[in-house]
Protein chains: 2
Amino acid sequence: MDELDSAIVAHLQADARLTNRELARRLGVAPSTALERVRLLRERGVIRGYHADIDLAALNRPVEAFVACRVRPLSRAVIDNFKAALNSLPEVLASYVCAGDDDFILHVAVPDLERLHEFLIDRLSERREVLGFRSSIIFESTRKPVFAELPS
Amino acid sequence: MDELDSAIVAHLQADARLTNRELARRLGVAPSTALERVRLLRERGVIRGYHADIDLAALNRPVEAFVACRVRPLSRAVIDNFKAALNSLPEVLASYVCAGDDDFILHVAVPDLERLHEFLIDRLSERREVLGFRSSIIFESTRKPVFAELPS
DNA sequence: GTCGCTGCCGAACTTCGTTCGACGGCTCCT
DNA sequence: AGGAGCCGTCGAACGAAGTTCGGCAGCGAC
């Protein structure tokens, strides 16, 4: 991970469809060099994939929320089982297994508040391992590119 | 947003670097058709961009957490100001303005727990609008593609 | 029925991805 | 200090992909 790698990561994070030639031009290296670097970054797992960023509102899911869950007992079986269950719920965009007040944090997207309520009482409350949960409606979200180095 | 658009969105969400020809082949349409559809999806804002998915551990930031903050007063000025401040903190990957127990939820990534602690006490606690916060260390995270339609 | 519109197609042209042999700098060893 | 081997970079060449554009077919309106 030298400076060139960091620059590649930064550029592809901002625009994953940059042509290799354009990437090389911006870095000031030959296209073949850029290609080889990107290949190595993928091989090493630094770049895990490329994904289109989709507007949830356009997909009729304008309402987003975080749902923080507590589940019991906190055994591996229960955790794995709950994780798998979350995976098959289309409302759930992402799920996080956590330490802290909450055991799971879910990022959900639904068409409206009614569908959120339905999700909470029909999908979560129904499950016996779920002790309780708190919901936070998301008004606005901001994502940033990740930089390789943190300033001290 | 017909079926073809949905299929395009699904494919590009899974792999944003699919060649247009391969995309067209999978959809069973001509490359020029696929290209035009993708162009329209971008123009309409359905596809907002393409981003490389980077392994945070490879960038020396293996420790992730959610930090839920309460700030006061909840005025527009304070909220906008806090949002802007978060934007310039490199530890913060994403920030969310929320309704619920918490006013802000931050997704942070740091090299180690010490840096997390530093962030909390030097960056957050220092700010006068911050009443308090709760942290949840992330053990495991799972993201899923977004499907256009939710089953009823 | 016909006119007009919209979306899809396929060919042509431009640009890009990808491979490969060679060159240059670096390190390590003697 | 000198030489050998290695790693990363380069540039050219070829095959593949992106992009444009004219035309055509299906559909709706009048």
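The model shown is predicted, which means the values in this text are computed figures rather than measured ones. Here is the naming used below: chain letters follow the sequence lines, and residue numbers restart at 1 for every chain.
The pair D103(A)-R72(A) meets the salt-bridge criterion, since a charged nitrogen lies less than 4.0 angstrom from a carboxylate oxygen. Between K83(B) and D80(B) there is a salt bridge, since a side-chain N of the basic residue sits under 4.0 Å from a carboxylate O of the acidic one. No salt bridge links D122(B) with R127(B); every basic N to acidic carboxylate O contact stays at or beyond 4.0 Å.
Following rounding to the nearest Å, M1(B) (CE) and dG7(C) (P) show an atom-to-atom distance of 15 Å. The nearest whole Å value for the distance from the CZ atom in R39(B) to the P atom in dC21(D) is 12 Å. To the nearest angstrom, P of dT18(C) lies 14 Å from CG of L40(A). The interatomic distance linking D2(B) (CG) with dG26(D) (P) rounds to 18 Å, in whole Å. Atom P of nucleotide dG18(D) and atom CZ of R42(B) are separated by 15 Å, given to the nearest angstrom. For the pair D5(A) CG and dG8(D) P, the interatomic distance rounds to 10 Å; values are reported in whole Å.
Of the side-chain N and O atoms in R37(B), none sit less than 4.0 angstrom from OP1 or OP2 of dG7(C).
Heavy atoms only, all atoms of each residue included: L35(A) and N20(A) are closest at N-OD1, 3.4 Å. I138(B) and S141(B) make their closest contact through CG2-CB, 4.3 Å (heavy atoms, listed as atom of the first residue, atom of the second, distance).
With axes fitted over five pairs at each extremity, the angle between the ends of the helix from dG1(C)-dC30(D) to dT30(C)-dA1(D) is 30° (10° resolution).
For the side-chain contact (heavy atoms from CB on, under 4.5 Å) test, residues two or more places apart in sequence or in another chain that qualify with D101(A) are R134(B).
Taking the six-membered ring wherever Trp is involved, the centroid distance between the rings of F82(B) and F104(B) falls below 6.0 Å.
The stretch residues 15-36 of chain B touches DNA chain C through V29(B), A30(B), S32(B), T33(B), each having a heavy atom under 4.0 angstrom from the strand.
Taking the six-membered ring where the residue is Trp, F66(A) and Y96(B) present perpendicular rings, their angle passing 60° and hence far from 30°.
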